[in-house]
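Here's the structure we're looking at; comments come further down.
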Amino acid sequence: MQATKKMEFWVGLMVLITLLATLFMALKVSNFGQMAGLQETNSYRVTAHFTDIGGLKPRAKVSMGGVVIGRVNHIQLDPTTFKAVVHIDMDSRFAHIPADSSASILTSGLLGDQYIGIEPGGDEESLRDGSVITFTQPAMVLEKLIGQFLVKLSEK
Amino acid sequence: MRAQIEQVGAQFIALTSSFAQGFWFSLQLLWAVPSALLRVREWMRQLYFAGVLSLLIVMVAGFFVGMVLALQGYNILVSFNATEIVGQMVSLSLLRELGPVVAALLFAGRAGSALTAELGLMKSTEQLSALEMMGLDPVKRIFAPRFIAVLLALPMLAMLFSVMGILGGYLVAVPGLSVDDGAFWAQIQASVSWDEDVINSMIKSLVFAVTIGLVALFQGVQAMPTAEGVSRATTNTVVHSSLLVLGLDFVLTALMFN
């Protein structure tokens with residue numbers, strides 16, 4: 001009987017610290033808390049056409065002024081214009097973004113991930129579900145930059 | 001010529017029959033799990049032996065693995081001026097690979113081998129046959145509670161391994177190497193995803209638990225009822241389940257993170 005009680009105590013302790021560890025994982029380590037605010041239901045979908053997306057991936061963040069306002073859902077290639085079509089889920093808390101805002105693909109830091117930065121425009125109308133961001137700037141590709149630089153050098 | 005063909009045939013039959021026995025044993029075991037779940041007291045006891053007694057080794061190992069990861073990562077990242085990423089590196093490598101895998105390897109060595117030895121000894125002292133003679137099903141009474149305990153223990157241990165590793169990495173990076181506290185956690189939160197990394201880590205450790213449980217119990221039942229047979233079965237458990245865990249880990253990683 002004494003031994004059973006002791007075992008129960010230790011098993012209970014193990015379960016408790018595992019629960020604590022899982023809680024720690026959810027709240028402190030993973031994005032569990034932030035995810036709750038960005039579900040399918042309270043987001044609206046816009047698309048943007050880019051000539052070059054560089055290394056942009058699904059789930060990359062979409063930010064305005066450094067604040068995350070959405071995420072990339074998926075990326076396709078338009079079969080007629082051969083442009084990359086990026087589908088973005090925008091958080092519906094940010095519903096009043098001018099329709100003529102421009103999107104550009106930026107890199108966080110030297111080695112960081114690529115993300116989409118949105119610059120607000122001045123239009124009265126705002127982006128809605130299904131609207132297309134027309135003003136876009138493609139990703140900077142290092143090889144192209146170096147190429148341009150070399151062309152400029154040789155012109156002189 | 002004929003003798004060689006006979007040998008190939010005999011080996012093939014031995015191999016398939018051991019596979020068939022393993023498969024049959026697994027089916028019987030899985031079938032007995034639901035009813036054995038009701039015997040809470042019995043699998044709780046086994047959870048103590050398999051889980052609680054492995055707690056110390058798993059947590060200490062996790063702590064040190066996390067510390068080493070942080071130290072090595074820092075040394076490389078410092079040349080890119082990106083030392084804040086060290087937390088992200090430590091937590092992702094622990095959650096995705098090292099947590100489930102190293103915890104499973106330690107568990108196979110610590111608890112899997114003990115299970116095999118226990119069952120092998122039960123078999124060699126004819127306790128299993130005695131149960132059958134009394135009309136009690138050893139699969140329900142002996143194997144299923146142990147299997148349940150393994151299934152519960154390893155995911156818990158793997159989770160604790162990862163958390164201890166992240167804490168160890170934190171201790172080395174933030175107070176030790178003066179990485180910024182806020183940036184350390186912010187980088188981790190920005191990169192670790194609950195449903196991709198944490199859930200997949202749990203799925204991995206559950207798959208490993210099934211593997212180790214089946215291998216350990218099957219080896220125990222199959223053991224020759226001699227001292228040498230039991231020792232060989234115990235070794236087999238550790239070797240087979242470690243190899244299976246590493247192989248399955250590759251398959252799971254390819255499926256999950258592609």
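Residue numbering restarts at 1 for every chain, and letters A, B, ... go by the order of the sequence lines.
- Heavy-atom contacts from other residues, nucleotides or ligands closer than 6.0 Å to CD of Q127(B) number more than 12.
- Q76(A) CD: more than 12 foreign heavy atoms inside a 6.0 Å radius.
- Between F24(A) and L167(B), the closest side-chain pair of non-hydrogen atoms falls below 4.5 Å.
- Contact annotation for S162(B): both backbone and side-chain heavy atoms come within less than 4.5 Å of a heavy atom of chain A.
- The 12-atom threshold is not exceeded at CZ of F64(B), counting heavy atoms of other residues, nucleotides or ligands nearer than 6.0 Å.
- More than 12 non-hydrogen atoms from other residues, nucleotides or ligands lie less than 6.0 angstrom from CH2 of W185(B).
- T22(A) places a side-chain heavy atom less than 4.5 Å from the side chain of M159(B).
- Among all heavy-atom pairs drawn from Q189(B) and L27(A), the shortest one is NE2-O, 3.0 Å.
- There is no contact between L20(A) and chain B, counting heavy-atom distances below 4.5 Å.
- Atoms CZ and OH, on F9(A) and Y48(B) in that order, are 10.5 Å from each other to the nearest 0.5 Å.
- To the nearest 0.5 Å, the span separating CE on M7(A) from CZ on R41(B) amounts to 11.0 Å.
- Heavy-atom neighbours of Q137(A) CD from other residues, nucleotides or ligands within 6.0 Å: at or below the threshold of 12.
- M164(B) does not touch chain A: none of its heavy atoms, backbone or side chain, sits under 4.5 Å away.
- Once rounded to the nearest 0.5 Å, the distance linking CE of M25(A) with OG of S91(B) reads 8.0 Å.
- Counting all heavy atoms, side chain and backbone alike, L160(B) lies closest to T18(A) at CD1-OG1, 3.8 Å.
- Interface residue I166(B): only side-chain heavy atoms are found under 4.5 Å from chain A.
- Residues forming a side-chain hydrogen bond (donor to acceptor under 3.5 Å, both in side chains) with T80(A) (at least two apart in sequence, or on another chain): D78(A).
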*Might you work through the side chain to side chain contact (heavy atoms under 4.5 Å, CB included) test for W194(B) and V29(A), ending with a clear yes or no?*
CA-CA 9 Å; W194(B) 172 264; V29(A) 175; over 6 Å; no
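- Contact annotation for L95(B): only side-chain heavy atoms (C-beta onward) come within less than 4.5 Å of a heavy atom of chain A.
- Interface residue V198(B): only side-chain heavy atoms are found under 4.5 Å from chain A.
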*asked:* With side chain to side chain contact (heavy atoms under 4.5 Å, CB included) as the criterion, how do I17(A) and V163(B) come out once you've worked through the C-alpha distance, each side chain's angles and the decisive distance to 0.1 Å?
replied: CA-CA 11 Å; I17(A) 59 171; V163(B) 168; over 6 Å; no
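- Ionic pairing of E8(A) and R45(B) is not present here: no N-O contact between side-chain nitrogen and carboxylate oxygen is shorter than 4.0 angstrom.
- Rounding to the nearest 0.5 angstrom, the gap separating the CE atom in M44(B) from the OG1 atom in T4(A) is 10.5 Å.
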